Amino acid sequence: MVHLFNAIDELLTPWLKERGQGAYRLGQVRRWLFAQRVRDFREMTDLPQALRDELARDFTLWSSQIERHTQAEDGTEKLLLTLADGGQIECVLLRDRVPSGWRRTICISTQVGCGMGCVFCASGLEGLARNLTTGEIVEQMLRLQLLLDPDERLSHIVVMGMGEPLANLNALLPALEEASRDDGLGISARRITISTVGLPVAMRRLAETNPRYRLAVSLHAPNDELRHRIVPVSKKIPLTEILAEADHYFERSGRRLTFEYVLLAGINDSPAQAVELAELLAGRTALLNVIPYNPVAGLPYHTPSAAAQRAFRDVLEARGVSVQFRHRKGDAIDAACGQLRRRLSVEGQESRAGIVGA
Ligand code: SAH
């Protein structure tokens, strides 16, 4: 069976032609999938019954299974998906009230596991298993859209789930194309943010080929020495190079950059480090997104106290950095990506250990 979301147009165009069907059928299928939010070819009621049957025979829409669906009181919902080969990924729907109304942001994954090895992160603990396909990325978007009430619409996408998006651009870019097309999800590119650990070659490729999206760069440290310890992949990549590529992306895209900084108690949260960070970012049109650490089962890191967070923020603000502390949503359901999969696997090990011990 062919997974249709891998390349909807390229797969359906010749398929319809072979059957003597007009090209407009492609538009009908797309409308059902993206706008009408159907789950099945059978529901595509303006297609002839025989065509619906044939589509269902030749193509599959859903390649994954929902392993868990969790909901938090703040409206956050999270899916743990099991892929055809048994790999697991997570994706999240966040509902936010903003002055202009509601936002419905989805956070999607690009890899099973992650090869970057950031020491505090749940996704990379077992390394990288594989890249996701375009179809598996599109599928997350559509599965999350299916969680909405009929009067709700997706407004934003953040590629901040499991994995390093810039290590899987070949699959990600066509998926984001489906997200931003008018006959796709219709989410404007400026509402789509790709978050990267900072891979210069891929940042350059994105700047040259697709500077439409917002770029977020995960810093986590104000100097190379500390960054090498927190973000091991950075040992080969100095901050100056990452910042130069980020600046280049800004020139090409005209979109304000975001820098992310996970605040870890006693590691990167001192006022002196805030000064160093402010100096590093000086002169840039950028937003600094500080994320107080979300504890991960089994890891020895801690969230800084409210006072430490305040002190860190005060230093940055006094130096003119645009800073935003990302308030945590969906804590109760381990909404930070990688965390649910992690907790389930730790629980699994504990219960297996329990059986062995009994
Ligand atoms: N590989 C991409 C996307 C990762 S997830 C990147 O590195 O940017 C998006 C953000 O969440 C990253 O900044 C990542 O460092 C951060 N993050 C990962 N685990 C976290 C945790 N336990 N608490 C808070 N932020 C975390």
Side-chain angles (χ1 to χ4, degrees), residues 78 89-92 94 105-128 131-132 137 140 156-169 171-172 176 192-200 202-203 206 213-221 226-227 229-234 237 239 242 245-246 249 257-265 267-269 277 286-304 309 312 324-331 333-343 346:
K78 176 163 191 157
I89 54 164
E90 298 171 27
C91 52
V92 184
L94 299 125
T105 305
I106 56 172
C107 176
I108 55 171
S109 295
T110 52
Q111 299 182 314
V112 182
C114 184
M116 301 299 120
C118 302
V119 294
F120 54 82
C121 175
S123 298
L125 288 174
E126 285 142 52
L128 173 69
N131 280 335
L132 294 184
I137 299 172
Q140 294 172 66
H156 293 73
I157 298 181
V158 292
V159 189
M160 295 188 180
M162 294 176 71
E164 168 51 42
L166 291 202
N168 189 17
L169 273 181
L172 176 63
L176 293 183
I192 298 177
T193 303
I194 303 176
S195 176
T196 179
V197 72
L199 303 179
M203 289 166 80
L206 195 64
Y213 304 110
R214 286 189 189 278
L215 188 67
V217 180
S218 293
L219 285 181
H220 310 325
L226 180 61
R227 196 164 191 269
R229 283 193 277 141
I230 305 178
V231 183
V233 69
S234 75
I237 316 167
L239 273 169
I242 295 172
E245 287 307 329
Y249 191 86
L257 296 166
T258 300
F259 291 101
E260 293 165 280
Y261 194 99
V262 173
L263 210 55
L264 303 160
I267 293 180
N268 65 359
D269 67 337
L277 183 60
L287 173 72
L288 179 67
N289 210 334
V290 179
I291 317 163
Y293 179 61
N294 235 317
V296 174
L299 291 187
Y301 303 100
H302 302 285
T303 313
Q309 291 184 32
F312 196 81
Q324 171 185 297
F325 271 59
R326 200 194 285 169
H327 67 119
R328 288 152 57 166
K329 292 188 65 85
D331 263 9
I333 58 168
D334 296 309
C337 269
Q339 299 205 75
L340 177 62
R341 183 183 81 141
R342 168 76 184 153
R343 191 166 56 76
V346 170

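Read the numbers this way: they start at 1 and go in the same order the structure lists the ligands and their atoms. The shown structure was predicted, so the numbers you read here are calculated from the model rather than taken from an experiment.
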Candidate pair Ile291 and Leu263, rule side chain to side chain contact (heavy atoms under 4.5 Å, CB included), full reasoning: CA-CA 6 Å; Ile291 317 163; Leu263 210 55; over 6 Å; no
Between Thr258 and Arg214, is the side chain to side chain contact (heavy atoms under 4.5 Å, CB included) condition met? List the steps. CA-CA 8 Å; Thr258 300; Arg214 286 189 189 278; 5.7 Å; no
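- Checked options Leu299, Asp269, Asn268; the residue passing with Tyr293 is Leu299 (criterion: side-chain contact (heavy atoms from CB on, under 4.5 Å)).
- Proximity of Val296 to ligand 1, defined as any heavy-atom pair under 4.0 Å, is confined to the side chain (atoms from C-beta onward).
- Ring centroid separation for the pair Phe325 and Phe312 does not come in under the 6.0 Å cut-off.
- Of all the heavy atoms of Met116, none lies under 4.0 Å from any atom of ligand 1, so neither backbone nor side chain is involved.
- Taking a 4.0 Å cut-off on heavy atoms, Met162 fails to register as neighbouring ligand 1.
- Take Phe120 and apply the ring-ring contact (aromatic ring centres under 6.0 Å, His included) test, not counting sequence neighbours, and it matches His220.
- Of all the listed residues (Gly161, Gly198, Pro295), Gly161 holds the heavy atom that lies closest to atom 4 (C) of ligand 1.
- Only the side chain of Glu260 comes within 4.0 Å of ligand 1, counting heavy atoms alone; its backbone N, CA, C and O stay farther away.
- At under 3.5 Å, not a single nitrogen or oxygen of Tyr293, backbone or side chain, sits near a nitrogen or oxygen of ligand 1.
- Residue contacts with ligand 1, taken as heavy atom pairs separated by less than 4.0 Å, involve Asn294 via backbone and side-chain atoms alike.
- For Thr196, every heavy-atom contact with ligand 1 shorter than 4.0 Å involves the backbone, none the side chain.
- When each atom of ligand 1 is checked for a heavy atom of Ile291 under 4.0 Å away, the hits are 24 (C), 25 (N).
- Remark: ligand 1 atoms within the under-4.0 Å shell around heavy atoms of Val197 are 6 (C), 7 (O), 8 (O).
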Between Glu260 and Ser195, does a side chain to side chain donor-acceptor pair (under 3.5 Å) hold up when you go through it step by step? CA-CA 9 Å; Glu260 293 165 280; Ser195 176; 2.6 Å; yes
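- Taking every non-hydrogen atom of Ser218 and a distance limit under 4.0 Å, the qualifying atoms of ligand 1 come out as 6 (C), 7 (O), 8 (O), 12 (C), 13 (O).
- Not a single salt bridge (Lys or Arg N to Asp or Glu O under 4.0 Å) links Glu164 to another residue, sequence neighbours left out.
- Side-chain atoms of Gln111 and Asn131 form a donor-acceptor pair, as typed in the model, at a separation below 3.5 Å.
- On a distance-only criterion, Gly163 and ligand 1 share at least one N/O pair closer than 3.5 Å.
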